[in-house]
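Have a look at the structure below, then the notes.
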Amino acid sequence: MTFDCIIVGGGIAGLQAAIQLGRYSSHRVLVIDSGYGRSTLCHQYHNILGFPDGISGEELRRLGRSEATKLGTEFVQGKAVKATKKDELFDIQVEEGKVYSSKTLLLATGLTDRLPKLDGLLACLGNSVYICPDCDGYEVQDRSTVVMGAGKAGASMALILSARTDHLVYVNHERSEVPDELMVKLCEKGIGYREESISRILTAEPGHFEGVRLANGEVVVAERGFVAFGGNDVHSELAEQLGVHLLDNKHIETHPRSKMTNVENVWVAGDLGAHAEQATVAMGEGAMSAIWIHKVLSGMKTKVPQL
(Lines give C-alpha, C1' and ligand atoms only; values in the text may rest on other atoms or scores of the structure.)
Protein backbone atom coordinates (compact mmCIF):
# COMPACT_ATOMS: atom_id res chain seq x y z
CA MET A 1 0.00 0.00 0.00
CA THR A 2 1.41 3.38 -1.00
CA PHE A 3 0.57 6.57 0.86
CA ASP A 4 0.67 10.04 -0.64
CA CYS A 5 2.67 11.28 2.33
CA ILE A 6 4.32 9.72 5.35
CA ILE A 7 4.98 11.97 8.31
CA VAL A 8 7.57 10.58 10.70
CA GLY A 9 6.94 12.08 14.13
CA GLY A 10 3.63 12.68 15.88
CA GLY A 11 4.64 15.74 17.86
CA ILE A 12 3.46 19.28 17.35
CA ALA A 13 4.99 19.84 13.90
CA GLY A 14 3.93 16.46 12.56
CA LEU A 15 0.37 16.74 13.82
CA GLN A 16 -0.12 20.24 12.42
CA ALA A 17 1.10 18.99 9.04
CA ALA A 18 -1.27 16.01 9.26
CA ILE A 19 -4.20 18.34 9.96
CA GLN A 20 -3.28 20.65 7.08
CA LEU A 21 -2.94 17.75 4.64
CA GLY A 22 -6.12 16.14 5.92
CA ARG A 23 -8.13 19.28 5.20
CA TYR A 24 -7.38 18.92 1.49
CA SER A 25 -9.46 15.70 1.59
CA SER A 26 -7.57 14.22 -1.35
CA HIS A 27 -4.44 12.65 0.09
CA ARG A 28 -3.78 9.46 1.98
CA VAL A 29 -1.53 10.37 4.89
CA LEU A 30 0.24 8.18 7.45
CA VAL A 31 1.86 9.38 10.67
CA ILE A 32 4.48 7.07 12.19
CA ASP A 33 4.91 8.01 15.83
CA SER A 34 7.12 6.49 18.50
CA GLY A 35 4.91 8.02 21.18
CA TYR A 36 7.81 9.75 22.92
CA GLY A 37 9.49 13.10 22.48
CA ARG A 38 9.83 16.64 23.75
CA SER A 39 6.09 17.20 23.64
CA THR A 40 5.39 14.15 25.80
CA LEU A 41 7.66 15.52 28.54
CA CYS A 42 6.44 19.12 28.76
CA HIS A 43 3.65 19.42 31.32
CA GLN A 44 2.80 23.00 30.36
CA TYR A 45 3.39 24.81 27.09
CA HIS A 46 3.02 28.57 27.38
CA ASN A 47 3.18 31.36 24.81
CA ILE A 48 0.60 29.65 22.57
CA LEU A 49 -2.37 31.59 21.20
CA GLY A 50 -5.59 30.53 22.90
CA PHE A 51 -3.98 28.92 25.95
CA PRO A 52 -3.08 31.77 28.33
CA ASP A 53 -2.87 29.37 31.26
CA GLY A 54 -0.79 26.85 29.32
CA ILE A 55 -1.52 23.41 27.92
CA SER A 56 0.37 20.16 28.36
CA GLY A 57 2.20 18.53 25.50
CA GLU A 58 0.20 15.35 25.99
CA GLU A 59 -3.08 17.27 25.71
CA LEU A 60 -1.89 19.06 22.57
CA ARG A 61 -0.96 15.72 21.07
CA ARG A 62 -4.32 14.20 22.04
CA LEU A 63 -6.24 17.08 20.49
CA GLY A 64 -4.09 17.09 17.36
CA ARG A 65 -4.31 13.36 16.84
CA SER A 66 -8.08 13.42 17.31
CA GLU A 67 -8.49 16.21 14.75
CA ALA A 68 -6.15 14.59 12.24
CA THR A 69 -7.91 11.23 12.60
CA LYS A 70 -11.29 12.82 11.88
CA LEU A 71 -9.77 14.25 8.71
CA GLY A 72 -8.69 10.79 7.55
CA THR A 73 -5.05 10.65 8.67
CA GLU A 74 -3.87 7.16 9.61
CA PHE A 75 -1.52 6.50 12.53
CA VAL A 76 0.99 3.76 13.31
CA GLN A 77 2.81 3.60 16.62
CA GLY A 78 6.40 2.56 16.23
CA LYS A 79 9.91 3.88 15.83
CA ALA A 80 11.05 4.47 12.27
CA VAL A 81 14.58 3.12 11.94
CA LYS A 82 15.36 3.03 8.22
CA ALA A 83 14.59 5.25 5.24
CA THR A 84 15.35 4.43 1.61
CA LYS A 85 14.23 5.67 -1.77
CA LYS A 86 13.31 3.30 -4.58
CA ASP A 87 12.49 4.92 -7.91
CA GLU A 88 9.95 7.61 -6.96
CA LEU A 89 8.87 6.15 -3.62
CA PHE A 90 10.18 6.42 -0.09
CA ASP A 91 10.24 3.32 2.10
CA ILE A 92 10.15 3.73 5.88
CA GLN A 93 10.86 0.71 8.02
CA VAL A 94 9.76 0.61 11.65
CA GLU A 95 11.56 -1.20 14.42
CA GLU A 96 9.25 -4.22 14.20
CA GLY A 97 10.25 -4.70 10.56
CA LYS A 98 7.18 -3.52 8.65
CA VAL A 99 7.80 -1.16 5.73
CA TYR A 100 5.52 1.69 4.62
CA SER A 101 5.85 3.49 1.28
CA SER A 102 4.92 6.99 0.16
CA LYS A 103 5.32 9.50 -2.64
CA THR A 104 6.45 12.28 -0.32
CA LEU A 105 8.06 12.37 3.10
CA LEU A 106 7.97 14.79 6.00
CA LEU A 107 10.49 14.28 8.79
CA ALA A 108 9.36 15.77 12.09
CA THR A 109 11.51 13.60 14.35
CA GLY A 110 12.69 16.44 16.60
CA LEU A 111 15.30 16.05 19.29
CA THR A 112 15.78 14.77 22.82
CA ASP A 113 17.16 17.11 25.44
CA ARG A 114 20.09 15.87 27.49
CA LEU A 115 18.80 15.86 31.05
CA PRO A 116 20.32 14.54 34.28
CA LYS A 117 18.64 11.59 35.96
CA LEU A 118 17.34 13.33 39.05
CA ASP A 119 14.15 12.28 40.82
CA GLY A 120 11.46 14.90 40.49
CA LEU A 121 12.96 16.74 37.54
CA LEU A 122 10.68 15.39 34.81
CA ALA A 123 7.57 16.25 36.82
CA CYS A 124 8.74 19.87 36.94
CA LEU A 125 9.33 20.33 33.19
CA GLY A 126 6.98 23.01 31.93
CA ASN A 127 5.51 23.55 35.40
CA SER A 128 8.42 25.20 37.19
CA VAL A 129 11.55 24.08 35.33
CA TYR A 130 12.14 25.18 31.75
CA ILE A 131 14.42 24.66 28.76
CA CYS A 132 13.85 27.48 26.26
CA PRO A 133 14.51 31.10 27.29
CA ASP A 134 12.45 32.43 24.37
CA CYS A 135 9.47 30.24 25.24
CA ASP A 136 9.61 30.52 29.01
CA GLY A 137 11.97 33.29 30.08
CA TYR A 138 8.82 35.15 31.09
CA GLU A 139 8.11 32.49 33.71
CA VAL A 140 11.22 33.43 35.72
CA GLN A 141 10.73 37.19 35.56
CA ASP A 142 11.97 38.65 38.86
CA ARG A 143 11.96 35.19 40.47
CA SER A 144 14.82 33.38 42.17
CA THR A 145 16.09 30.86 39.63
CA VAL A 146 18.60 28.02 39.53
CA VAL A 147 20.20 27.16 36.21
CA MET A 148 21.12 23.47 36.24
CA GLY A 149 23.62 22.78 33.51
CA ALA A 150 27.07 21.93 32.29
CA GLY A 151 30.02 24.10 31.35
CA LYS A 152 29.57 26.69 28.63
CA ALA A 153 25.93 25.76 27.88
CA GLY A 154 24.79 26.40 31.43
CA ALA A 155 26.82 29.60 31.79
CA SER A 156 25.41 30.97 28.54
CA MET A 157 21.86 30.19 29.68
CA ALA A 158 22.42 31.97 32.99
CA LEU A 159 23.67 35.06 31.16
CA ILE A 160 20.64 35.08 28.87
CA LEU A 161 18.28 34.81 31.85
CA SER A 162 20.05 37.65 33.66
CA ALA A 163 17.90 40.00 31.55
CA ARG A 164 14.87 38.51 33.33
CA THR A 165 15.95 38.30 36.95
CA ASP A 166 18.71 39.42 39.29
CA HIS A 167 18.29 36.33 41.48
CA LEU A 168 20.29 33.69 39.62
CA VAL A 169 22.54 30.82 40.62
CA TYR A 170 24.25 28.59 38.07
CA VAL A 171 24.97 25.06 39.30
CA ASN A 172 27.55 23.39 37.07
CA HIS A 173 26.24 19.89 37.77
CA GLU A 174 28.83 18.10 35.65
CA ARG A 175 31.70 20.29 36.81
CA SER A 176 32.72 20.81 33.20
CA GLU A 177 34.92 23.67 32.09
CA VAL A 178 33.50 27.17 31.77
CA PRO A 179 35.56 29.53 29.58
CA ASP A 180 37.26 32.31 31.53
CA GLU A 181 35.44 35.04 29.63
CA LEU A 182 32.09 33.57 30.65
CA MET A 183 33.16 33.29 34.27
CA VAL A 184 34.02 36.98 34.21
CA LYS A 185 30.60 37.82 32.78
CA LEU A 186 28.84 35.69 35.40
CA CYS A 187 30.67 37.63 38.10
CA GLU A 188 29.89 40.97 36.49
CA LYS A 189 26.19 40.10 36.38
CA GLY A 190 26.18 39.00 40.02
CA ILE A 191 25.21 35.44 39.10
CA GLY A 192 26.04 32.91 41.80
CA TYR A 193 28.18 29.95 40.75
CA ARG A 194 28.40 26.46 42.23
CA GLU A 195 30.64 23.80 40.70
CA GLU A 196 29.01 20.85 42.42
CA SER A 197 26.79 17.97 41.39
CA ILE A 198 23.12 18.03 42.34
CA SER A 199 22.03 15.20 44.59
CA ARG A 200 18.35 16.04 44.79
CA ILE A 201 15.63 18.23 43.28
CA LEU A 202 13.61 19.88 46.04
CA THR A 203 9.85 19.94 45.58
CA ALA A 204 7.00 20.70 47.95
CA GLU A 205 4.74 18.61 45.74
CA PRO A 206 5.27 16.93 42.36
CA GLY A 207 6.08 19.52 39.71
CA HIS A 208 6.61 22.40 42.14
CA PHE A 209 10.33 23.23 42.10
CA GLU A 210 11.80 24.73 45.26
CA GLY A 211 15.52 24.40 44.67
CA VAL A 212 18.29 21.83 44.75
CA ARG A 213 20.42 20.01 47.29
CA LEU A 214 24.05 19.70 46.27
CA ALA A 215 26.32 16.72 46.87
CA ASN A 216 28.20 18.71 49.50
CA GLY A 217 24.97 19.19 51.46
CA GLU A 218 24.37 22.81 50.49
CA VAL A 219 20.78 23.74 49.66
CA VAL A 220 20.09 26.34 46.99
CA VAL A 221 16.53 27.60 47.39
CA ALA A 222 14.72 28.97 44.32
CA GLU A 223 11.27 29.43 42.84
CA ARG A 224 12.13 28.33 39.31
CA GLY A 225 14.67 26.25 37.46
CA PHE A 226 16.19 26.11 33.99
CA VAL A 227 18.22 23.28 32.44
CA ALA A 228 21.02 23.76 29.93
CA PHE A 229 23.38 20.82 29.45
CA GLY A 230 24.04 21.04 25.72
CA GLY A 231 24.68 17.98 23.58
CA ASN A 232 21.02 17.33 22.74
CA ASP A 233 20.31 14.28 20.60
CA VAL A 234 19.04 15.52 17.23
CA HIS A 235 17.10 12.74 15.51
CA SER A 236 18.44 13.22 12.00
CA GLU A 237 19.36 9.58 11.28
CA LEU A 238 16.59 9.02 8.70
CA ALA A 239 17.43 12.25 6.93
CA GLU A 240 21.09 11.27 6.75
CA GLN A 241 20.19 7.88 5.29
CA LEU A 242 18.39 9.69 2.44
CA GLY A 243 21.29 12.01 1.71
CA VAL A 244 19.82 15.11 3.30
CA HIS A 245 22.50 17.65 4.13
CA LEU A 246 23.09 18.05 7.87
CA LEU A 247 24.55 21.09 9.56
CA ASP A 248 27.48 20.62 11.96
CA ASN A 249 25.03 20.41 14.89
CA LYS A 250 22.99 17.70 13.09
CA HIS A 251 20.03 20.03 12.52
CA ILE A 252 18.75 20.49 8.98
CA GLU A 253 18.47 23.66 6.98
CA THR A 254 15.40 23.82 4.75
CA HIS A 255 14.17 26.27 2.18
CA PRO A 256 12.64 29.15 4.19
CA ARG A 257 9.45 29.10 2.16
CA SER A 258 8.76 25.49 1.18
CA LYS A 259 10.57 23.70 4.05
CA MET A 260 11.90 21.20 1.52
CA THR A 261 15.42 19.84 2.05
CA ASN A 262 18.11 19.44 -0.59
CA VAL A 263 16.55 16.04 -1.41
CA GLU A 264 13.52 16.38 -3.65
CA ASN A 265 10.18 15.53 -1.99
CA VAL A 266 11.71 15.30 1.49
CA TRP A 267 10.56 17.99 3.90
CA VAL A 268 11.55 18.80 7.47
CA ALA A 269 9.51 20.60 10.13
CA GLY A 270 9.90 21.24 13.83
CA ASP A 271 12.92 20.95 16.10
CA LEU A 272 14.83 18.78 13.63
CA GLY A 273 15.17 21.90 11.49
CA ALA A 274 17.41 24.88 12.16
CA HIS A 275 14.95 27.19 13.89
CA ALA A 276 14.00 28.73 17.23
CA GLU A 277 12.72 25.42 18.68
CA GLN A 278 9.40 26.90 19.77
CA ALA A 279 6.08 25.04 19.68
CA THR A 280 4.40 27.78 17.66
CA VAL A 281 7.23 27.81 15.13
CA ALA A 282 6.95 24.03 14.81
CA MET A 283 3.22 24.40 14.10
CA GLY A 284 3.90 26.97 11.40
CA GLU A 285 6.56 24.84 9.77
CA GLY A 286 4.27 21.82 9.84
CA ALA A 287 1.55 23.77 8.07
CA MET A 288 3.91 25.32 5.50
CA SER A 289 5.54 22.03 4.61
CA ALA A 290 2.10 20.43 4.20
CA ILE A 291 0.99 23.19 1.84
CA TRP A 292 3.94 22.52 -0.45
CA ILE A 293 3.52 18.77 -0.18
CA HIS A 294 -0.05 19.29 -1.37
CA LYS A 295 1.20 21.32 -4.34
CA VAL A 296 3.47 18.46 -5.40
CA LEU A 297 0.83 15.80 -4.89
CA SER A 298 -1.71 17.81 -6.84
CA GLY A 299 0.62 17.87 -9.84
CA MET A 300 0.76 21.66 -9.89
CA LYS A 301 3.35 23.17 -12.19
CA THR A 302 4.50 25.51 -9.43
CA LYS A 303 8.21 24.91 -8.91
CA VAL A 304 8.82 23.94 -5.31
CA PRO A 305 11.65 26.00 -3.80
CA GLN A 306 14.36 23.80 -2.34
CA LEU A 307 17.94 24.17 -1.24
Side-chain angles (χ1 to χ4, degrees), residues 37-38 41-42 110-126 128-141 143-203 209-237 246-252 271-278:
R38 255 187 171 180
L41 296 178
C42 183
L111 61 81
T112 299
D113 295 283
R114 190 167 73 88
L115 300 171
K117 295 181 179 180
L118 294 169
D119 290 344
L121 178 61
L122 294 183
C124 291
L125 290 179
S128 53
V129 173
Y130 309 99
I131 293 173
C132 173
D134 296 309
C135 305
D136 293 309
Y138 176 84
E139 305 302 324
V140 306
Q141 187 74 37
R143 295 176 181 268
S144 56
T145 302
V146 170
V147 175
M148 298 167 278
K152 181 179 178 180
S156 298
M157 178 65 76
L159 289 168
I160 290 170
L161 293 176
S162 67
R164 291 287 191 175
T165 178
D166 295 327
H167 313 289
L168 274 169
V169 175
Y170 167 36
V171 178
N172 188 351
H173 175 67
E174 296 182 348
R175 302 182 180 185
S176 42
E177 182 180 0
V178 177
D180 290 341
E181 61 269 24
L182 289 185
M183 288 298 298
V184 170
K185 290 180 180 179
L186 291 174
C187 185
E188 290 174 346
K189 292 288 186 179
I191 299 170
Y193 179 72
R194 305 288 189 277
E195 192 169 302
E196 188 70 43
S197 60
I198 298 167
S199 63
R200 184 181 174 190
I201 299 292
L202 303 177
T203 58
F209 181 82
E210 290 195 334
V212 297
R213 183 183 298 278
L214 305 182
N216 63 7
E218 180 185 358
V219 171
V220 181
V221 176
E223 301 169 86
R224 296 287 187 267
F226 250 85
V227 289
F229 285 84
N232 294 334
D233 184 11
V234 183
H235 301 302
S236 52
E237 298 85 359
L246 308 184
L247 300 175
D248 290 341
N249 62 4
K250 299 297 182 70
H251 286 276
I252 295 169
D271 292 344
L272 175 59
H275 77 172
E277 295 185 19
Q278 285 188 296

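Starting from 1, each residue takes its place in the sequence as its number.
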>> Show the nearest heavy-atom pair for residues Pro133 and Ile160, with the distance to one decimal.
In response: CB-CG2, 3.8 Å
>> Return the CD1 to CE distance between Ile198 and Met148, rounded to the nearest 0.5 Å.
In response: 5.5 Å
> What is the minimum heavy-atom distance between Ala150 and Asn172, and which atoms define it?
Replying inline: CA-OD1, 3.6 Å
> Can you tell which of Asp113, Leu115, Thr112 makes a side-chain contact (heavy atoms from CB on, under 4.5 Å) with Asn232?
Replying inline: Asp113
> What closest approach, in Å, do Ala155 and Leu182 show between heavy atoms, and which atom pair accounts for it?
Replying inline: CB-CD1, 4.0 Å
> So Ile201 and Asp119, side-chain contact (heavy atoms from CB on, under 4.5 Å) or not? Walk me through it.
Replying inline: CA-CA 7 Å; Ile201 299 292; Asp119 290 344; over 6 Å; no
> Are the side chains of Asn249 and Val234 in touch, meaning some heavy atoms are under 4.5 Å apart?
Replying inline: no
>> Checking the side chain of His251 only, and the main-chain atoms of Leu272 only, is there a donor and an acceptor separated by less than 3.5 Å?
In response: yes
>> side-chain contact (heavy atoms from CB on, under 4.5 Å), that's the test. Do Ile131 and Asp136 meet it? Break it down for me.
In response: CA-CA 8 Å; Ile131 293 173; Asp136 293 309; over 6 Å; no
>> On a heavy-atom basis, which atom in Arg194 and which in Glu218 lie closest, and how many Å separate them?
In response: NE-OE2, 2.8 Å
> If you take all heavy atoms of Ile191 and Ser162, which pair is closest and at what distance?
Replying inline: CD1-CB, 4.1 Å
> So how far is it from Thr203 OG1 to Phe209 CZ, rounded to the nearest 0.5 Å?
Replying inline: 9.5 Å
> Should Arg175 and Glu196 count as an ion pair when the cut-off is N to O under 4.0 Å?
Replying inline: yes
>> A side-chain contact here means heavy atoms from C-beta on lying under 4.5 Å apart; do Leu247 and Ile252 qualify?
In response: no
> Looking only at atom types and distance, does a side-chain atom of Tyr170 sit under 3.5 Å from a main-chain N or O of Gly151, one as donor and one as acceptor?
Replying inline: yes
> Just wondering, more than 12 heavy atoms not from Asp180 lying within 6.0 Å of its CG?
Replying inline: no
> Would one find more than 12 heavy atoms of other residues, nucleotides or ligands at under 6.0 Å from atom CD of Glu177?
Replying inline: no
>> With salt bridge (charged side-chain N to carboxylate O under 4.0 Å, His left out) as the rule and sequence neighbours excluded, what pairs involving residues 150-170 come up?
In response: none
> Distance from Ser199 atom OG to Arg213 atom CZ, nearest 0.5 Å?
Replying inline: 6.5 Å
> Stepwise, does the side-chain contact (heavy atoms from CB on, under 4.5 Å) test hold for Leu111 with Lys250?
Replying inline: CA-CA 10 Å; Leu111 61 81; Lys250 299 297 182 70; over 6 Å; no
>> With rounding to the nearest 0.5 angstrom, report the OG1 to CD distance, Thr145 to Glu139.
In response: 10.5 Å
>> In terms of relative ring orientation, are Phe226 and Tyr130 parallel, tilted or perpendicular, with 30° and 60° separating the classes?
In response: tilted
> If only atom types and distance count, is the side chain of Arg114 paired as donor or acceptor with the main-chain N or O of Gly230 below 3.5 Å?
Replying inline: yes
> Can you tell me how far SG of Cys42 sits from CG of Leu122, rounded to the nearest 0.5 angstrom?
Replying inline: 11.5 Å
> What's the shortest heavy-atom distance between Gly120 and Cys124, and which atoms?
Replying inline: O-SG, 3.3 Å
> CG/Leu125 to CZ/Arg38 distance, rounded to the nearest 0.5 angstrom?
Replying inline: 10.5 Å
> Does Ser144 reach the main-chain N or O of His167 with its side chain, forming a donor-acceptor pair under 3.5 Å?
Replying inline: no
